[in-house]
Amino acid sequence: MAKSTRWSVEENNPEHLPICQHKDELVQAVKTSPFLVVTGETGSGKTTQLPQYLCEAGFCKDGKIGITQPRRVAAITVAQRVAQEMQCTLGKEVGYQVRFDDCTSQDTLVKYMTDGCLLREILSDSSLSQYSVVILDEVHERSLNTDILLGLIKKIFSGSSKITRGRSSPLKVVVMSATLETDKLSAFFSDCPVFTIPGRLFPVCCSFGSAVGPKDTESIGYVKEVVKVALDIHGSEPAGDILVFLTGQTEIERACDLLFEKAECIDYRFDVQDQTVDGILILPLYGSMPTDQQRQIFQPPPPGIRKCVVATNIAATSLTINGIKYIVDSGFVKQLNHNSRVGMDILEVVPISQSEAQQRAGRAGRTSIGKCFRIYNKEFWEKCMPEYTIPEIQRTSLTAVILTLKCLGVHDVIRFPYLDCPEERFILEALKQLYQYDAIDRRGKVTHLGELMVEFPLHPSLTRAVLKAAALGCQDLLLPLAAMLSVENIFIRPGLLFSQPEKQKEADEKHSALAAKTGSMNDFARLLSVFQLCKSSDRPSAWCKENWIHWRALKSAFSIETQLREILLRLQQKKDFPVETFDGNKSELFRRCLCTGYFTNVARRSIGKVFCTMDSHGSMVHIHPSSSLFDQEAELNWVIFHDVLVTSRVYIRTVCPIRYEWVKDLLPKLHEVDVYELSSVAREEVTEEEVKRWETKEAAKRPPDVCVEDAMKKLEKRNNETSVSDARARYLQRKQQRNLSKSN
DNA sequence: GAGCACTGC
């Protein structure tokens with residue numbers, strides 16, 4: 001649902017916005033300072049009005065005004081809104097650009113875009129010569145791309161010599177944020193002025209509960225508690241809708257079930273249209289839900305009925321629901337964290353930050369005074385919840401970002417001006433990976449291959465495989481696969497609580513059948529086959545429904561494949577595109593290409609069903625039951641995998657059998673460079689001596705079998721101290737508690 | 001023998 005739907009009649013008149021009284025001061029502030037921080041709560045009008053003020057004041061004479069947003073919907077809907085206010089056609093004076101959708105023209109003066117789009121633009125025009133003003137919005141959200149943009153803009157436009165290079169006048173930079181951390185932002189841009197605009201949110205009264213305390217950090221017993229609180233609200237509070245925050249699909253389904261049970265309706269099913277019981281309409285909401293079901297959330301409830309939406313964090317920023325007066329906050333969120341100790345991403349349930357809790361509470365104060373019921377106590381707030389959310393740049397794998405920076409000429413990626421520095425080992429690990437993919441050389445310089453790789457909006461491992469395939473002339477196999485691996489999970493598996501178990505069984509059977517059709521048990525081939533079968537189908541959406549496949553996800557895979565194909569064609573027309581030949585069958589060719597990118601993700605069968613990864617961490621892993629290779633015993637000794645999931649075990653998902661010979665020559669590279677030796681590469685201060693030392697190491701390559709033994713020893717040594725074990729222990733604890741509360 | 005929040009190029 002578009003954000004624009006929430007503006008009330010009064011808000012429709014921009015002259016009533018708090019920002020209006022400060023128009024002249026704001027324009028003056030932008031004129032006098034190269035950098036400016038503007039803060040103001042939601043509803044102050046800064047996103048829609050400031051660009052118009054600047055345009056009016058003549059800032060569009062020498063270039064565009066560019067405004068970045070972390071989300072696509074926001075970029076599009078705000079542009080629509082501003083075009084309407086400026087009484088022009090969208091795409092003319094006011095436009096927007098997001099991936100797959102460029103709605104701008106020669107005449108565009110005010111351009112809204114996602115932060116990723118501006119980052120791409122800097123890659124081809126580092127002086128941002130088209131713009132007179134760049135406004136970075138929603139900076140407090142600290143998205144990875146916005147953080148990188150902050151550093152880049154500071155770096156490019158702080159050195160006086162570069163300010164005017166390729167530009168007629170100096171660039172003006174405005175950074176907009178909610179009221180948090182503004183001092184930090186001002187200090188980052190050489191103590192630039194801070195402009196504060198009052199917000200226009202209604203007060204939200206927050207109360208703490210007693211159900212969750214510091215000891216319950218990992219508990220999911222809170223599902224029962226949020227249900228209880230929601231029913232209390234329903235029984236005792238005046239009219240107004242309820243929004244409950246939980247962490248994931250399973251939890252939400254369980255909470256909805258409990259709500260219905262308690263509201264004395266036992267015959268509830270997901271499919272049933274009339275979901276109203278005892279005056280309360282219960283609606284689940286999460287990202288992977290079908291769009292038509294999501295749409296239901298936004299319809300006003302029938303008269304006299306109270307709406308209760310049970311949602312993930314999607315309702316915190318991405319979607320705005322009208323009429324919410326009560327918030328029930330579980331205090332938890334599911335977060336993907338990169339763990340450099342084990343070199344993998346781990347999805348885990350963690351307490352939210354205090355600022356995130358305030359954000360959640362704020363969802364109740366958009367149209368009137370609201371109430372927020374936190375189910376955790378004050379002690380939990382103080383001891384378990386960090387003041388601010390850890391910025392994405394400090395939690396995710398940096399491989400792709402570091403390559404982008406290097407291609408932009410930022411060689412010293414450690415001393416890059418980060419607003420918050422990522423841990424050095426995260427950066428070093430990213431460098432090690434880039435070196436392994438041949439994207440950078442031993443001195444940390446970007447290679448020809450690296451320059452090709454940065455053009456693709458994909459993880460470098462996948463890009464490596466795509467480029468190999470292109471060199472061998474089999475891009476038709478790898479491009480669709482890369483697109484499929486870029487989108488959310490395409491296999492639908494209905495939950496047990498809301499759907500009948502037979503539906504789950506049916507979905508599983510359909511998915512296995514798709515694997516069988518390819519003739520080879522290989523999850524990558526299965527993905528490719530789903531893409532091809534659906535694309536060639538007469539009625540693709542019906543085909544998806546029949547096979548329990550997400551049509552929405554597959555549609556985006558189709559557009560990504562087209563985009564990747566265009567990028568590849570453009571690169572192939574340039575000189576020096578590598579070309580190789582290969583004799584062998586198609587299946588081997590496909591898998592060999594994959595090996596070029598995924599040799600960092602190789603595992604060898606150790607004992608029984610246990611596999612051991614061949615990277616320097618040597619983790620013990622199992623094949624995930626959703627894999628078509630699950631329980632396939634025969635001759636399956638070497639595999640590559642796309643990703644890792646830590647739950648009751650460490651699982652590898654999306655798996656493909658390979659032959660040892662295909663990775664034999666690549667594996668030693670995994671052990672060639674010690675991460676900690678790479679700090680000099682990061683700074684490009686490598687001495688000849690160091691290069692020699694590495695070369696000696698390479699000469700002493702160990703055969704892979706020794707690697708396995710070493711890896712296993714290392715693993716034993718780490719024993720239960722590893723973070724994977726921690727995550728696993730926490731998972732088991734949660735599961736136990738869940739079962740306990742179930743049986744109660 | 002299982003369960004993956006949300007973005008973005």
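By convention in this document, chain letters (A, B, ...) are assigned in the order of the sequence lines, proteins followed by strands, and residues within each chain are numbered from 1.
- Of the side-chain N and O atoms in A/T312, one or more sit less than 4.0 angstrom from OP1 or OP2 of B/dC6.
- Close to B/dC9, at under 4.0 Å from its OP1 or OP2, lies a side-chain N or O of A/T114.
- For the residue pair A/E488 and A/R552, the shortest heavy atom distance occurs at OE1-NH2, 4.1 Å.
- The A/S626 side chain lies nearest to B/dA2 when the options are B/dA2, B/dA5, B/dT7.
- Checking B/dA2, B/dC6, B/dC9 against every side-chain atom of A/C117, the shortest atom distance belongs to B/dC9.
- Here the nucleotide nearest the side chain of A/R72, chosen from B/dT7, B/dC9, B/dA2, is B/dC9.
- For B/dA2, the OP1/OP2 oxygens have a side-chain nitrogen or oxygen of A/Y651 closer than 4.0 Å.
- Which of B/dG1, B/dA5, B/dC9 sits closest to the side chain of A/R120 comes down to B/dC9.
- Close placement of the A/F426 and A/H338 rings is indicated, their centers lying within 6.0 Å of each other.
- Relative to the ring axis of A/Y96, A/R72 does not place its NZ or CZ within 45° and under 6.0 Å from the centre.
- Relative to the side chain of A/P625, the nucleotides B/dA2, B/dA5, B/dG3 differ in distance, and B/dA2 lies closest.
- The listed nucleotides are B/dG3, B/dC6, B/dG1; the one nearest the side chain of A/F630 is B/dG1.
- The aromatic rings of A/Y418 and A/F416 stand perpendicular to each other, their planes meeting at an angle above 60°, with 30° marking the opposite boundary.
- Residue A/I314 places its side chain closer to B/dC6 than to any other of B/dA2, B/dG8, B/dC6.
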